[in-house]
Each structure stands twice: as C-alpha cells, then as structure tokens.
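Only heavy atoms go into these numbers, but all of them, side chains included; no hydrogens, no water, no symmetry mates. Owing to the predicted nature of the structure, the values given are computational and were not obtained by experimental measurement.
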Amino acid sequence: MAGGVGRDALYDHIGRSYTTTRATDERVAARIWAALGDARTVVNVGAGTGSYEPPDRELTAVEPSAVMRAQRPPGAAPAVAASAEALPFADGAFDAAMAVLTLHHWTDWRAGCAELRRVARERVVVFSWDPSYVHRMWLGPEYFPGMGEENVAGFPSLADQAAALRADIEVVPVPADCRDGFFSAYWRRPEAYLDPDVRAGISTLARRSPRELDGGLRRLRADIASGAWARRHADLLELDELDLGYRLLVGMP
C-alpha cells in the first residue's frame with residue numbers, strides 16, 4: 001500500500017513487520033471490489049503486501065520496495081518492481097487500475113494519477129484520504145501536536161485528487177474494529193497505539209524516533225489508565241464506525 005520512488009526507501013526501512021498489523025478489512029475491501037465493477041484485468045499500484053487485491057480477477061501488482069514484495073503471501077500475484085510515476089505497461093493494458101492508501105507517498109502524485117488513467121481502459125479506483133480531516137482524529141491534536149500539520153504538508157487536497165483522476169468521491173467510514181491498522185484504524189481502541197508493532201505499521205509514526213514519540217505515548221498511557229481518555233471520548237465509545245476522511249475515488253479514464 002504504497003508505490004512511488006521516494007516511498008521505496010521509506011518502506012524498505014519501516015515495512016519489515018508490515019504484515020503483523022496491516023490486513024485486509026473485509027468492509028473496506030467490499031467497497032473497493034464493488035467499485036472495480038466487472039473489470040477482469042486489474043493492476044494494483046503501490047501493492048505492498050497484497051492487501052485488498054481481489055481474488056477473483058486477473059491481477060498484476062506493482063511495488064517498488066523489495067522488503068514489501070518479499071512479504072507478499074504465497075499465491076499472491078507476482079509484483080513488478082516499478083514506480084507509480086512510470087508504469088511499465090502499454091496504454092489501456094488493463095480493464096482497471098487500483099491504488100490503496102499510497103498516493104500520498106508518490107514523488108509526483110499527479111504523474112502517478114496520469115499513469116493510472118493511461119493504463120486503465122475502463123476505470124480507476126483509488127482509496128485515499130481527505131487532508132482537511134487532519135484534526136478529526138484525536139491522536140495527533142491531543143498527544144502529538146504539530147504531527148498533523150507535518151503530515152498534510154504537500155498532501156494534495158481531495159478536490160485535486162478527484163480532479164486528477166476525473167473521479168467521483170465516496171465516503172468510506174472506518175469500522176471500530178477495523179482489521180487494517182492504518183493511522184486512524186484504532187480510533188476507538190487507544191491502547192493499540194502503545195504497541196510498537198502497531199506503530200511500526202503506520203508510516204506516520206514509524207518514521208519518527210522514540211524520542212519524538214515518548215512524551216505523547218506517556219500521556220496517552222496515563223490517560224488510558226486514569227480513565228481520562230474514555231471520559232473525554234465517551235461519544236466515540238458509542239459508535240460502530242466513524243468518518244475520519246477516508247475516501248474512495250472512482251474515475252473513468
């Protein structure tokens with residue numbers, strides 16, 4: 001779930017335990033697979049370890065990181081070592097192109113979007129995020145001030161993403177028990193962020209030093225133990241899903 005030139009080195013460094021906490025969530029998968037329609041041939045760009053790859057299609061994976069490619073499970077489609085910005089395929093080579101939580105890692109996201117549209121005959125399906133939601137998730141504002149601003153610096157607006165893909169936008173709420181441990185997946189399970197394995201699977205946290213995270217983690221641990229977090233977020237504990245800005249972009253080339 002990545003796929004640009006700059007992302008290659010990042011995931012070679014932080015992606016070694018990716019499969020420990022990053023798995024396909026069946027509810028998110030259902031939305032992605034439905035958006036693919038009747039496409040039979042699909043290229044998954046920034047494929048990572050193979051999450052969200054539909055099992056009933058002819059699939060080609062693209063993943064620049066050798067560490068991520070090595071973690072693809074037995075039986076997964078072989079992954080081509082290439083970047084989103086320069087896909088080694090002919091125009092219209094596939095019925096559909098897909099990408100999952102990867103666009104923000106591309107060195108040139110507009111070039112990557114253009115490449116998705118170039119190689120897809122029928123549709124492009126991208127699972128992404130709206131950076132205007134940066135303060136909706138409590139972790140950054142309450143425990144790591146400034147992290148959100150750093151994360152969205154250079155992150156394209158949802159409108160720009162949709163325009164580049166000529167895509168319609170669908171809201172994808174995050175289930176309270178989401179199996180895919182991306183940044184906001186544990187919005188109702190704060191103790192998960194104390195687990196170093198969980199943090200290792202979240203690029204935003206994994207690329208920061210222990211010293212940078214220590215203060216926030218100590219405050220979070222104390223708030224969980226005292227019940228302060230639960231009192232402050234009693235409303236969240238009543239919800240089964242939450243809109244935290246994750247979006248499905250479905251476009252026609």
Under 4.5 Å between any side-chain heavy atoms of [X] and [Y], yes or no?
| X | Y | answer |
| --- | --- | --- |
| Arg189 | Cys178 | yes |
| Leu101 | Ser128 | no |
| Pro173 | Leu242 | no |
| Val126 | Leu165 | yes |
| Thr60 | Phe89 | yes |
| Glu63 | Val80 | no |
| Glu142 | His233 | yes |

Could you check Leu36, Val45, Leu249, Leu116 and say which one makes a side chain to side chain contact (heavy atoms under 4.5 Å, CB included) with Val124?
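Testing Val124 for a side chain to side chain contact (heavy atoms under 4.5 Å, CB included) against Leu36, Val45, Leu249, Leu116 leaves exactly one candidate, Leu116.
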Would you mind telling me which of Ile32, Val100, Val28 makes a side chain to side chain contact (heavy atoms under 4.5 Å, CB included) with Leu248?
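Passing option: Ile32.
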Name the orientation class of the two ring planes belonging to Phe155 and Trp129 (parallel below 30°, tilted from 30 to 60°, perpendicular beyond 60°).
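Ring orientation, 0 to 90° scale: perpendicular.
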Hey, is the main chain of [Y] close enough, under 3.5 Å, to the side chain of [X] for a donor-acceptor pair?
| X | Y | result |
| --- | --- | --- |
| Glu85 | Ala111 | no |
| Arg69 | Ala81 | no |
| Thr41 | Asp95 | yes |
| Glu212 | Ser209 | yes |
| Arg179 | Thr21 | no |
| Arg123 | Ala96 | no |

Is it true that atom CZ of Arg166 has more than 12 heavy atoms of other residues, nucleotides or ligands lying nearer than 6.0 Å?
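At most 12 heavy atoms, drawn from other residues, nucleotides or ligands, come within 6.0 Å of this atom.
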Asp168, CG atom: more than 12 neighbouring heavy atoms under 6.0 Å
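Counting other residues, nucleotides and ligands, CG of Asp168 stays at 12 neighbours or fewer.
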Within this structure, what is the OG-CZ distance for the pair Ser226 and Arg221, rounded to the nearest 0.5 Å?
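Here the interatomic distance stands at 13.0 Å.
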Give, for atom CG of Asp91 and atom CZ of Arg117, the distance between the pair rounded to the nearest 0.5 Å.
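Separation between the atoms: 11.5 Å.
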Assess the residue pair Ile169 and Leu158 against the criterion (side chain to side chain contact (heavy atoms under 4.5 Å, CB included)); give the C-alpha distance rounded to whole Å, side-chain angles, the decisive distance to 0.1 Å, and a yes or no.
CA-CA 9 Å; Ile169 302 169; Leu158 184 65; 3.9 Å; yes
Tell me the closest heavy-atom pair linking [X] and [Y], and the distance in Å.
| X | Y | result |
| --- | --- | --- |
| Trp106 | Cys113 | CZ3-N, 3.7 Å |
| Ala200 | Ala206 | O-CB, 3.7 Å |
| Tyr193 | Ala185 | OH-N, 4.0 Å |

Could you verify whether a donor N or O on one side chain and an acceptor N or O on the other, from [X] and [Y], lie under 3.5 Å apart?
| X | Y | value |
| --- | --- | --- |
| His135 | Glu149 | yes |
| Asn44 | Tyr52 | no |
| His104 | Gln161 | no |

For Phe183 and Leu139: C-alpha separation, side-chain torsions, deciding distance, then whether side chain to side chain contact (heavy atoms under 4.5 Å, CB included) applies.
CA-CA 9 Å; Phe183 181 79; Leu139 184 64; 3.8 Å; yes
Indicate if [X] and [Y] have the same hydrophobic cluster label, given that clusters are the connected sets of ILVMFWY residues with side-chain heavy-atom separations under 4.5 angstrom.
| X | Y | value |
| --- | --- | --- |
| Leu239 | Trp138 | yes |
| Leu194 | Phe182 | yes |
| Tyr186 | Leu237 | yes |
| Val250 | Val171 | no |

Less than 4.0 angstrom from a charged side-chain N to a carboxylate O is my criterion; do Arg218 and Asp214 meet it?
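Result for this pair is yes, salt bridge flagged.
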Just checking, Arg136 and Tyr133: is the charged tip under 6.0 Å from the six-membered ring centre and within 45° of the axis?
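Verdict for Tyr133: a cation-pi partner in Arg136.
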Could you go through the side chain to side chain contact (heavy atoms under 4.5 Å, CB included) check for Leu220 and Phe144 one step at a time?
CA-CA 10 Å; Leu220 176 58; Phe144 303 103; 5.9 Å; no
Would you mind listing every salt bridge (charged side-chain N to carboxylate O under 4.0 Å, His left out) that reaches into residues 239-253, with sequence neighbours excluded?
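For residues 239-253: Arg188-Asp240, Asp243-Arg247.
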Among pairs that include at least one residue of residues 43-62, which meet salt bridge (charged side-chain N to carboxylate O under 4.0 Å, His left out), considering only residues two or more places apart or in two chains?
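Qualifying pairs: Glu53-Arg72.
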Run the side chain to side chain contact (heavy atoms under 4.5 Å, CB included) test on Phe94 and Arg121 for me, step by step, so that the C-alpha distance in whole Å, both residues' side-chain angles and the decisive distance to 0.1 Å come before the verdict.
CA-CA 6 Å; Phe94 305 94; Arg121 286 189 296 270; 5.7 Å; no
